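Each residue takes its place number in the sequence, starting with 1. Everything numeric here is computed off the predicted structure, so don't read it as measured data.
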Amino acid sequence: MIQYIQKACFVLLIAVFTVSCKSDNSKSTNIETPEKTTRRKVPKFDNEKAYQNIEKQVNFGPRYPGTQAHKDLIKHLTAELTQYTDKVVTQDFKVDFLDEKGVDATNIIGIINPDKKKRILLCAHFDTRKIAENDEDPEKQNLPILGADDGGSGVGVLLEIARLVKENGIDIGVDFILFDAEDNGIDGNGWCLGSEYWARNPHTSNYKADFGILLDLVGAKNAEFGKEQYSLQSAKPYVDKIWKLAERMSFANYFIDFHSGPVMDDHVNVIKYRRIPMVDIINMSNLNGRVGFGHYHHTHKDNIDIIDKNTIRAVGKVVTATLYNYNNGTLNFK
């Protein structure tokens with residue numbers, strides 16, 4: 001997973017969009033026709049299917065760039081998104097991390113309704129960490145982890161949402177981006193390489209989305225999703241509305257109204273380079289006044305046993321409701 005920053009190390013640029021009108025001597029004015037949307041029922045998120053998506057990833061083994069498991073996982077995820085989206089784009093690039101140099105990495109993008117201007121970006125990372133520096137057993141600290149939560153959970157939830165959208169339809173554009181090479185930095189460097197590559201080289205020129213949601217560490221038992229600092233800086237109205245929606249859906253025990261501090265995660269690159277408001281839903285426990293990652297983070301305890309179906313149910317239902325309420329015009333972030 002990413003690095004938790006105790007103090008904000010830079011100020012994010014928050015884009016201010018303005019619309020200007022040009023007049024000429026003619027009497028006619030071109031007026032853009034609003035895109036037609038249909039009020040749609042929020043489909044039922046299936047946490048069992050999301051759990052199975054996570055389990056399948058874990059069964060590949062550790063999935064950091066350069067391994068056969070990583071290559072096999074890319075094929076699997078590409079095939080899954082091909083089933084559920086209108087178009088799939090892959091981005092191949094090279095990365096250096098830890099002691100690895102020039103390793104192949106791939107971002108996977110599944111696109112629904114590519115011609116729609118009203119769009120939401122949903123993303124997660126799928127790679128896992130090569131080392132387990134936080135493990136209590138020193139002999140295991142240089143061994144790769146399975147990353148059921150850190151790498152598997154966000155992807156598992158998004159694949160289930162993609163399936164729901166395919167089966168139930170939607171009238172806005174949705175882009176599912178599975179970022180590679182997020183989780184193998186050290187000492188403040190080498191994190192979130194896939195999202196940086198995509199943000200600098202989006203799959204369509206001048207890519208824009210109304211807002212985005214990043215899922216990271218969203219499957220552990222008793223997870224606590226606080227309001228992350230960079231998310232609040234770039235997308236406070238979105239954060240507040242989504243957390244309020246979670247409360248109305250009886251998930252306030254997961255989406256908790258506390259400030260979790262800044263986290264250097266994939267959403268930072270999207271905000272910085274694409275100027276898209278981003279919400280990072282990430283487990284940052286607030287125990288006895290100490291905010292931090294769970295006890296299993298970057299250890300070998302991050303296996304399938306850490307995943308709780310109630311947690312992924314809460315996250316999946318809230319994100320699905322956000323997506324469809326936005327489609328229906330019943331979730332106004334202004």
Side-chain angles (χ1 to χ4, degrees), residues 1-14 97 121-129 133-134 145 147 149-155 157-158 177-196 198-199 211-220 222-236 238-240 242-243 246 254-274 276-287 289-299 302 306 311 315 318-319:
M1 211 336 287
I2 32 59
Q3 185 182 37
Y4 178 55
I5 309 298
Q6 296 295 335
K7 295 182 180 179
C9 57
F10 60 87
V11 178
L12 294 175
L13 297 176
I14 301 177
F97 62 91
L121 167 63
L122 300 178
C123 50
H125 80 90
F126 66 86
D127 62 306
T128 57
R129 188 156 177 80
E133 73 276 15
N134 294 335
I145 66 174
D149 194 30
D150 196 357
S153 62
V155 173
V157 170
L158 290 188
I177 303 187
L178 307 183
F179 291 125
D180 201 352
E182 185 265 6
D183 202 21
N184 282 286
I186 194 168
D187 296 332
N189 297 310
W191 304 100
C192 307
L193 301 179
S195 58
E196 181 177 0
W198 175 84
F211 69 98
I213 299 175
L214 171 66
L215 302 184
D216 200 356
L217 295 167
V218 294
N222 299 321
E224 295 183 348
F225 306 114
K227 296 179 177 180
E228 188 272 336
Q229 182 169 313
Y230 295 134
S231 303
L232 289 172
Q233 288 178 351
S234 78
K236 187 177 187 302
Y238 301 85
V239 173
D240 291 342
I242 292 171
W243 262 245
Y254 294 102
F255 289 78
I256 302 174
D257 189 9
F258 75 93
H259 187 271
S260 64
V263 181
M264 185 60 66
D265 208 348
D266 283 321
H267 67 311
V268 171
N269 287 322
V270 181
I271 297 167
K272 182 178 179 181
Y273 296 110
R274 303 305 328 153
I276 296 171
M278 290 292 298
V279 178
D280 191 7
I281 300 177
I282 182 170
N283 180 15
M284 296 293 292
S285 297
N286 185 19
L287 300 174
R290 176 189 172 275
V291 179
F293 296 121
H295 68 281
Y296 60 91
H297 181 246
H298 289 184
T299 76
D302 187 0
I306 206 71
T311 303
V315 174
V318 168
V319 176

*Min side-chain heavy-atom separation Tyr296-Asn283 under 4.5 Å*: yes

*Does any non-hydrogen side-chain atom of Val263 lie less than 4.5 Å from one of Met284?*
yes

*Less than 4.5 Å apart, any side-chain heavy atom of Asp216 and any of Asp266?*
no

*Start with the C-alpha gap between Met278 and Tyr230, add the side-chain angles, then the distance that decides, and say whether side-chain contact (heavy atoms from CB on, under 4.5 Å) holds.*
CA-CA 8 Å; Met278 290 292 298; Tyr230 295 134; over 6 Å; no

*asked:* Measuring only between side-chain heavy atoms, which start at C-beta, is Glu133 closer than 4.5 Å to Ile186?
replied: no

*So do the side chains of His297 and Asp302 get within less than 4.5 Å of each other, counting heavy atoms only?*
no

_Set of residues satisfying ring-ring contact (aromatic ring centres under 6.0 Å, His included) with respect to Phe126, sequence neighbours excluded_ = His70

*Counting N and O atoms only, with roles assigned by atom type, does the side chain of Arg274 sit under 3.5 Å from a partner on the main chain of Asn269, one being a donor and the other an acceptor?*
no

*How about Asn134 and Phe293: do any of their side-chain heavy atoms sit closer than 4.5 Å?*
no

*Just jot down the side chain to side chain donor-acceptor pair (under 3.5 Å) partners of Thr128, sequence neighbours excluded, or say none.*
none

*Considering only heavy atoms from C-beta outward, does the side chain of Ile281 approach that of Trp243 to under 4.5 Å?*
yes

*Taking Ser285 for its side chain and Glu224 for its backbone only, find out whether a donor-acceptor pair lies under 3.5 Å.*
no

*Looking at CD1 of Ile276 and NE2 of His267, how far apart are the two atoms once the value is rounded to the nearest 0.5 Å?*
13.0 Å

_Strictly distance-based, threshold 3.5 Å: is any side-chain N or O of Asp265 a donor or acceptor partner for the main-chain N or O of Asp280?_
no

_Heavy-atom side-chain contact between Glu182 and Ser195 under 4.5 Å_ = no

